[in-house]
Amino acid sequence: MSDTNPNDTAPRRDFIRELVIDDIATGRFGRAPATRFPPEPNGFLHMGHAKSICLNFGIAREFGGTCNLRFDDTNPLTEDMKYVEAIKRDIRWLGFDWDGEYFASDYFEKLYEIAERLVEQGKAYVDSQSEEEIRTNRGTVTTPGIPGPYRDRSPEENLDLLRRMKAGEFADGAHVLRAKIDLAHPNMIMRDPLLMRIRRDAHHYRRGTEWKIYPLYDFAHGLSDAIEGITRSLCTLEFKDSRDIYDWLVEAAGYNNPPTQIEFARLELDYTVLSKRKLLRLVNEGHVNGWDDPRMPTIAGLRRRGVRPEAIRAFADTIGVARKDARVEIASFEHTVRNDLNMEVPRVLCVLNPLKVVITNYPEGQVDMLEGQNYPHDVPKTGTREVPFSRELWVDRDDFMEDPPKKFYRLSPGREVRLRFAYFITCTDVIKDADGNVTELHCTYDPETRSGNAPDGRKVQGTIHWVSAQHALDCEVRLYDRLFTQPDPDDVPEGEDFLSTLNPTSLVVIPNAKIEPSVASDPIGSRYQFERTGYFMSEPEDSTPEKLVFNRIVSLRDSWAKESKKGI
RNA sequence: UGCCCCUUGGUGUAACUGGCAACACGCCUCACUCUGGAUGAGGAGAGUCUAGGUUCGAGCCCUAGAGGGGCAACCA
């Protein structure tokens with residue numbers, strides 16, 4: 001991490017870190033803090049995961065502990081190696097490295113041994129009720145469940161059945177291994193939770209068809225933590241009720257000084273969704289162009305968009321960690337992204353919606369090489385580049401108004417403005433087509449203002465960006481906006497879902513923007529601030545030297561937009 | 001009609017564990033500026049879900065209630 005980054009702050013003290021500090025002080029675990037990040041390889045990592053990654057890896061880093069990466073791959077139906085690779089890449093990109101790399105699927109043997117032991121001890125049994133019967137007999141949140149007819153099978157019979165389940169003698173659903181706890185337990189999770197189920201013909205992406213039975217989350221998770229010697233198992237709030245079975249299992253399996261689970265609130269971000277299920281739908285139903293679509297809140301999407309890992313880490317810092325459901329405003333994230341980029345990336349001039357300007361008193365064929373500062377005075381970086389100036393220029397249509405309101409500081413008939421790094425110009429004529437659309441502006445320039453200032457001391461209120469028509473490079477600019485039209489995309493009328501709030505203009509492609517020639521040979525993936533417009537990155541997949549493509553990472557704060565709205 | 005978790009400005013977090021509500025984002029002013037960016041200065045905005053109680057003193061403790069969320073997947 002660079003120490004000049006204004007986003008880097010001292011580590012916060014959240015309630016989890018307090019507990020970890022406590023553990024260290026009391027010597028509770030007798031070892032350094034050990035955490036783990038346990039993704040299921042069935043989708044791409046998103047911002048919510050980034051929060052968890054920063055927490056788990058951050059704690060390990062801050063307290064001299066360890067953080068494992070463990071793939072929680074206990075469901076052969078949904079998991080895939082491609083997700084494993086993507087997840088590893090994303091974590092590394094975020095700036096973290098793991099101590100141990102483990103797979104729950106490597107624990108299948110151990111887990112099975114534990115299962116046999118539980119059966120022998122009478123703590124687990126094989127249930128042969130149908131899925132439907134199991135559900136019914138579990139009761140409801142307000143009524144207790146009732147024991148099924150197989151609950152009191154002898155350990156011998158259970159063991160025999162379990163072994164035959166493992167051997168592949170039974171079809172899916174014929175039997176299931178359950179913990180023997182209490183069908184009337186007030187915590188639904190504890191009503192004889194399922195431990196293992198048959199998936200006889202499934203193909204596990206790592207274990208192939210070797211295993212006919214697979215552990216369920218509750219069975220695998222805590223025990224995997226215990227096997228790895230994790231001290232604090234951090235997870236999100238919805239697993240709170242699972243803590244009981246977590247503790248029950250590590251105890252029953254005989255682990256002393258086992259890990260304990262701490263739950264924290266998952267991240268919710270305005271105008272987007274952070275759920276793998278929903279993100280998968282966006283991908284599968286073609287609402288976006290894949291997991292790494294720059295509109296996606298996935299790590300891959302943010303990376304492709306141009307957001308830097310520093311910004312994501314800083315964001316994780318600012319949102320904090322608590323036990324309260326929280327929905328973070330998108331402005332907070334955007335601020336972090338700008339704050340990060342402001343100090344890092346060079347400035348460049350790019351005209352998004354070109355409007356031709358002819359400098360009528362500038363000699364035809366003449367070219368003036370001007371010097372452009374790559375960074376503003378308040379960014380501690382230096383560098384200049386040459387910017388060609390000529391008789392015909394492009395400026396942004398947004399920077400011209402024929403009949404401007406009082407506070408409009410840009411170009412309008414008779415108004416003088418400064419061209420960034422160049423001369424003062426004054427608009428003398430507005431050329432229109434038959435339909436009355438402005439097609440061209442005629443301006444005059446003041447040769448005395450080449451320095452950017454007038455020798456006579458006169459001031460101009462506005463400075464606008466521009467590009468020499470003859471020298472400009474054509475480029476495609478992709479303007480990304482929020483994916484949904486409302487802060488909470490799930491807040492929809494009965495019968496609708498989050499897809500009905502998709503933002504139809506979340507991507508606007510500008511096929512013919514004009515950018516200054518200095519960027520021509522910059523490497524793909526270079527980031528810039530297009531002055532007065534926003535932060536951009538050259539598109540990692542699609543940009544080529546022949547056809548430049550840029551992604552908008554985030555726009556600049558726009559106080560004129562706010563000002564002009566007031567007039568409405 | 002169960003069990004569990006949560007409740008501090010618009011948003012997200014703090015408050016040395018009982019001592020007179022802070023920080024960030026956002027918003028509004030003003031200043032500065034060759035980016036209406038950045039920066040600087042200032043401001044508005046909560047009396048901590050409600051009602052009782054304990055205490056010299058409560059956001060922190062107690063009681064009761066309200067509101068929000070999670071749990072009845074052979075998902076994680």
Side-chain angles (χ1 to χ4, degrees), chain A residues 9 12-14 38-40 42 72-75 77-78 127 130-131 134-136 138-145 172-173 175-178 184-191 194-199 213-214 216-218 220-221 235-244 263 265 267 270 276-277 317-336 338-339 342-343 347 349 373 376-379 407-410 417-422 424 449 451-453 460-465 487 529-535 556-564:
Chain A
T9 51
R12 328 175 47 98
R13 281 288 181 82
D14 48 69
E40 185 188 12
N42 67 346
D72 221 339
D73 53 357
T74 57
N75 184 352
L77 273 23
T78 59
D127 194 350
S130 69
E131 196 172 336
I134 288 176
R135 186 170 28 243
T136 304
R138 185 154 32 214
T140 70
V141 291
T142 52
T143 58
D172 290 11
H175 308 283
V176 74
L177 182 72
R178 300 180 74 176
H185 198 107
N187 179 353
M188 293 293 298
I189 301 269
M190 294 296 270
R191 318 251 259 225
L194 274 60
L195 266 23
M196 300 196 84
R197 78 295 213 179
I198 300 170
R199 286 287 175 271
I213 54 177
Y214 291 87
L216 278 111
Y217 169 84
D218 281 323
H221 197 83
C235 64
T236 43
L237 251 25
E238 69 270 26
F239 293 102
K240 173 63 182 71
D241 290 339
S242 290
R243 193 151 106 199
D244 286 347
E263 309 85 21
L267 171 67
D270 277 358
K276 271 196 281 189
R277 206 200 95 246
D317 256 0
T318 72
I319 58 177
V321 181
R323 298 186 51 106
K324 177 175 56 167
D325 292 319
R327 174 167 288 278
V328 178
E329 291 179 336
I330 198 72
S332 179
F333 177 64
E334 292 183 345
H335 172 265
T336 314
R338 290 189 193 106
N339 203 28
N342 178 40
M343 297 303 249
R347 274 61 173 172
L349 303 182
Q373 302 292 324
H377 59 91
D378 51 1
V379 170
K407 290 197 169 177
F408 187 82
Y409 298 155
R410 289 109 101 141
V417 299
R418 171 166 43 229
L419 296 177
R420 175 115 244 230
F421 305 129
F424 287 10
T449 57
S451 64
N453 287 106
V460 290
Q461 280 201 103
T463 299
I464 66 174
H465 55 101
Q529 185 199 99
F530 290 178
E531 294 217 24
R532 307 209 313 129
T533 304
Y535 293 98
L556 245 33
R557 281 184 73 221
D558 189 349
S559 49
W560 164 242
K562 266 183 268 178
E563 185 65 38
S564 61

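Hydrogens, waters and symmetry mates are skipped; everything else that's a heavy atom, side chains included, is used. Since we're looking at a predicted model, the values are computed, not measured.
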Under-3.5 Å donor-acceptor pair between [X] side chain and [N] base:
X	N	result
A/Arg327	B/U11	no
A/Gln461	B/G36	no
A/Asp558	B/G36	no
A/Asn187	B/G2	no
A/Arg410	B/G36	yes

Nearest to the side chain of [X], which nucleotide is it out of [options]?
X	options	value
A/Asn342	B/U35, B/A38, B/G69	B/A38
A/Leu216	B/G36, B/G37, B/C74	B/C74
A/Gln529	B/U35, B/C6, B/G70	B/U35
A/Arg532	B/C27, B/U11, B/G36	B/G36

| request: Using a 90° cut-off around 0 for syn, call B/U54 syn or anti. | output: anti
May I ask you to verify if any side-chain N or O of [X] is less than 4.0 angstrom from the OP1 or OP2 atom of [N]?
X	N	result
A/Arg199	B/C75	yes
A/Ser559	B/G37	yes
A/Arg277	B/C75	no
A/Thr74	B/A76	yes

| field | Approximate separation, where rounding is to 0.5 Å, of A/Arg347 CZ and A/Gln529 CD | value | 4.0 Å
| query | Taking atom C1' of B/A72 as reference, at what distance in whole Å does atom CD of A/Glu131 sit? | reply | 13 Å
